[in-house]
Amino acid sequence: MNSPYTPQKAEIVDIIQETTSDLDIKTFRIKFATGEEMNFLPGQFVELSIPGIGEAPFGFASSPKNKEFIELTIKRVGHLTDALHSMAVGSTVWIRGPFGNHFPLKELEKSKILIIAGGLGLSPLRPLILTMLDDENRNKYCDIQMLIAARSTQDFSYRRDFAKWRKVKDTKVLLTIDRAENGWDGLVGFPHNLVADLDIDYQNTYGVFCGPPVMIKAVSNKLIELGMPKSKILTTLEMRMTCGVGKCGKCNIGHSYVCVDGPVYRLDQLSSMPNEY
Amino acid sequence: MSTIAIPKLKLVEILDKIKESYLLVAPVRNQGILDFAVVKEAAEIELSNDIAYKSPKEYLFPQVEKILRFTSEGGLTPSEEVPQTVLLGIKPCDLEAIKIMSAVFTTGKYIDTGFANRLEKTILVGLGCTEEKSACFCDERTVDKALSKDCDVFLTDRGNYYAAEIFSQKGQKLLDGFCLEIINDGERVKEIQQGLLEINAEENDLFNKIDWERLTEKCLGCGICTYICPTCHCFEFKDVVEKKGAVTRYKCWDSCMYPRFTLHASGHNPRESKQDRYRQRVLHKYLYVKQNFGYTACTGCGRCIRSCPVGMNIHSVVKEINNILNVKGEN
């Protein structure tokens, strides 16, 4: 019997500096040392270990179709992320997973989609976006609008993607920053204050969003107010998921364990749960 | 399965024999405190009505468990083998707790192999209580203090002998070869419990309609209730770096009563206040585990009440919650 707490050896094969601000965010490309592929679905996460420092959960940020490596986009905030940010290409890390549920890809087919991302909240949504925008899948989904928010122009991750995503048919990418800056011709303001101005058929569109807890609450309230059914609003949560397999007792919201029942939740599920996230 | 008689005069001899093949863990009195310990001499075991200070949970779910080792050569070695163990003298409340912890650790998509291995290699020998101790309230929970079938062997004190009811092959194997007499102890059934202490209310009502701040006023947040509880199973991983560069990863008990228990890396904390954390503890026991596994994760052992430095009492808190919700329900 294999322990679900045992990680596999992996190697950092590339590092991409995402932000130029004081929010230090990097994307790490990682592959298993054995060469084995990691199969996951958009919305799932892994536990990443650095021996002697510890372990923490991170959502997949790459396309599940990419079998060469996985990508994890990580902000420097504590001991583990400090150590990771100091690592170079070729360094060893340890990975276990994938864990958690995933976005209901099949259900989203034939529907219009509104993606709203706040800051690093774009990271767990990126595998979904990349899957839906992939040539093989693009015809399965209708209009896709993306409202991507960052604190400032220097805080956007995946800038390299935006131009590519804009070129895909029936796809719109809108960027917003918290406060106006010289030379910025995008939107200014928080997503929940901007969403009403978008051209959206709220009753017939799936809203998929992620961001800090305060944004999750504000955006959900706004989407409901605009008439989007709770059953068509999806979000992904982040909690302290130590074990990742529903045993350690850290990530529950009421009786729901985010690491196994989530991290992807529908708003009708979430609104019946205690407000504890 | 059969019932056999173990004469009290032969008990030490039998246990000493068992100790040759198994790690024997049983209640032992040390400086006046009865607690489970690895037995050196069978004669030191105390099988009495007294409840051990701590439950035997740490013998299945160790307070600090070595789960793996990153070697200095860049490899990984799994945890060590678990010894064959006999856990003797477990009261029905603690057997109920083992059943609840088994549901958490050994069912679902993922199995906690550390717990599962220990459970598989452990023979559980229960012991009935004749009377309740101060702060016990197992009679208001689903526990029959005189009998539990959630074990391999269950002992009942019959004066000059123990009636040993055997409930599994593991239990049969343990007592094979001792030439003990099979007896007819009569068919016993678990007593039907009256006045069960449960919370039957909606999650959100419990969350919002109860004045948790008032209920938590005197709590120090010391966490003793969670460490002493036979069903509390929360944990954290800790890495320890050895001199030669190898790293051992441990799985260590943690407590939902501690402020950093749910602290996110971002600084956001879903359970920031003491009342949030106490609410989590009560509702996890009385609601969430029941919703997820069908059991209320409180066995009425009373240890949290006896050990609390400020006299927090989960029994009276649950009763008060029920009173509040009933009153509110009538309005």
Side-chain angles (χ1 to χ4, degrees), chain A residues 1-9 33 47 49-58 74-81 92 94 96 99 119-120 212-214 237-261 271-277, chain B residues 67-71 74-76 78-79 104-105 108-117 202-204 206-208 232-242 245-249 251 254 256 260-271 276 279-280 283-284 287-292:
Chain A
M1 210 183 329
N2 292 327
S3 169
Y5 312 137
T6 305
Q8 275 184 265
K9 196 173 189 174
E47 298 279 354
S49 283
I50 301 176
I53 309 283
E55 192 180 56
F58 298 101
I74 295 170
K75 186 158 89 175
R76 187 171 201 147
V77 286
H79 294 307
L80 183 93
T81 52
T92 295
W94 296 76
R96 61 190 178 93
F99 296 126
L120 204 51
V214 62
L237 299 179
E238 195 178 292
M239 297 290 274
R240 179 136 177 191
M241 300 181 287
T242 294
C243 72
V245 294
K247 311 293 182 197
C248 76
K250 294 201 182 244
C251 70
N252 68 302
I253 300 172
H255 73 281
S256 184
Y257 276 69
V258 176
C259 69
V260 285
D261 303 329
S271 53
S272 69
M273 284 153 58
N275 183 6
E276 203 181 18
Y277 53 92
Chain B
I67 57 164
L68 56 93
R69 187 166 178 268
F70 298 100
T71 65
L76 185 145
S79 58
V104 174
F105 283 138
K109 190 175 173 189
Y110 302 97
I111 305 293
D112 184 306
T113 49
F115 183 93
N117 286 339
E202 292 294 322
E203 197 165 291
N204 279 319
L206 285 160
F207 219 77
N208 303 320
C232 275
H233 56 268
C234 293
F235 62 83
E236 179 65 77
F237 295 130
K238 295 279 180 205
D239 282 6
V240 174
V241 183
E242 296 165 19
V247 172
T248 302
R249 178 160 294 169
K251 178 180 147 200
D254 203 347
C256 63
R260 293 164 64 97
F261 183 71
T262 53
L263 180 66
H264 295 190
S266 65
H268 174 69
N269 193 346
R271 290 185 214 125
D276 296 339
R279 178 184 60 208
Q280 160 67 17
L283 297 190
H284 192 217
L287 199 67
Y288 306 153
V289 173
K290 191 160 77 175
Q291 282 171 293
N292 292 334

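What you see is a predicted model, and the numbers here were worked out from it, not measured in a lab. By convention in this document, chain letters (A, B, ...) are assigned in the order of the sequence lines, proteins followed by strands, and residues within each chain are numbered from 1.
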(message) Given heavy-atom pairs under 4.5 angstrom as the criterion, report whether the side chain, backbone, both or neither of B:Asn208 touches chain A.
(response) neither
(message) Is A:Cys251 close to chain B through its backbone or its side chain, or both, or neither, when contacts mean heavy atoms under 4.5 Å?
(response) neither
(message) Using 0.5 Å steps for rounding, measure from the CD atom of B:Gln280 to the NZ atom of A:Lys250.
(response) 11.5 Å
(request) Could you tell me whether B:Glu202 atom CD has more than 12 heavy atoms of other residues or ligands within 6.0 Å of it? (result) no
(request) Supply the atom-to-atom distance B:Leu263 CG to A:Arg240 CZ, rounded to the nearest 0.5 angstrom. (result) 6.5 Å
(request) Among A:Pro4, A:Gly254, A:Gly78, A:Ser3, single out the residue with the greatest number of heavy-atom pairs under 4.5 Å to chain B. (result) A:Gly254
(message) Between A:Ile53 and chain B, with a heavy-atom cut-off of 4.5 Å, which part of the residue counts as in contact: side chain, backbone, both or neither?
(response) backbone
(request) Ignoring hydrogens and angles, tell me if any N or O in the side chain of A:Lys9 forms a donor-acceptor pair with the backbone of B:Gly74 under 3.5 Å. (result) yes
(message) Between B:Thr262 and chain A, with a heavy-atom cut-off of 4.5 Å, which part of the residue counts as in contact: side chain, backbone, both or neither?
(response) both
(request) Give, for atom CD1 of B:Ile67 and atom OG1 of A:Thr6, the distance between the pair rounded to the nearest 0.5 Å. (result) 7.0 Å
(request) Measure the acute angle between the ring planes of A:Tyr257 and B:His284, then classify it against the limits of 30° and 60° as parallel, tilted or perpendicular. (result) tilted
(request) Applying salt bridge (Lys or Arg N to Asp or Glu O under 4.0 Å), name anything that partners B:Lys251, two or more places apart in sequence or on another chain. (result) B:Glu65, B:Asp112
(message) Heavy-atom cut-off 4.5 Å, strictly under: side chain, backbone, both or neither for B:Glu236 against chain A?
(response) both
(request) Quick one: which of A:Ala33, A:Pro213, A:Gly52, A:Gly249 has the most heavy-atom pairs under 4.5 Å with chain B, could you say? (result) A:Gly52
(message) If you count heavy-atom pairs within less than 4.5 Å of chain A, which of B:Val289, B:Ile111, B:Leu287 leads?
(response) B:Ile111
(request) Could you walk me through whether A:Lys247 and B:His233 pass side-chain contact (heavy atoms from CB on, under 4.5 Å), step by step? (result) CA-CA 8 Å; A:Lys247 311 293 182 197; B:His233 56 268; 6.0 Å; no
(request) Side chain from CB out, backbone as N, CA, C, O: work out which of these in B:Phe70 comes under 4.5 Å of a heavy atom of chain A, or both, or neither. (result) side chain
(message) Measuring only between side-chain heavy atoms, which start at C-beta, is A:Pro7 closer than 4.5 Å to B:Leu68?
(response) yes
(request) Check each atom of B:Asp254 against the heavy atoms of chain A and say whether the ones under 4.5 Å are side chain, backbone, both or neither. (result) side chain
(request) Tell me, for B:His268 versus chain A, whether the close heavy atoms (under 4.5 Å) come from the side chain, the backbone, both or neither. (result) side chain
(request) First locate atom CG of A:Asn252, then atom CG of B:Leu283, and finally report the distance between them rounded to the nearest 0.5 Å. (result) 10.0 Å
(message) As an exercise: rank B:Leu76, B:Asp276, B:Thr248 by heavy-atom pairs under 4.5 Å with chain A and give me the winner.
(response) B:Leu76
(message) For the interface with chain B, which of A:Gln8, A:Lys75, A:Met273 has the highest count of heavy-atom pairs at distances below 4.5 Å?
(response) A:Met273
(request) Please name the pair of heavy atoms, one in B:Asp239 and one in A:Ile50, separated by the smallest distance, quoted to 0.1 Å. (result) OD2-O, 3.7 Å
(message) Would you compute the distance between atom OH of B:Tyr288 and atom CD1 of A:Ile253 and round it to the nearest 0.5 angstrom?
(response) 10.0 Å
(request) Can you tell which part of A:Val260 gets under 4.5 Å to a heavy atom of chain B, answering side chain, backbone, both or neither? (result) side chain
(request) Could you tell me which residues satisfy side chain to side chain donor-acceptor pair (under 3.5 Å) with A:Thr81, sequence neighbours excluded, listed by chain and number? (result) none
(message) Using side-chain heavy atoms (C-beta onward) and a distance below 4.5 Å, is A:Ser49 in contact with B:Arg249?
(response) yes
(message) Testing the basics here: between A:Tyr277 and B:Pro270, what is the closest heavy-atom pair and its distance to 0.1 Å?
(response) CA-CB, 4.3 Å
(request) Pick one of side chain, backbone, both or neither for B:Phe207, based on which atoms fall under 4.5 Å of a heavy atom in chain A. (result) side chain
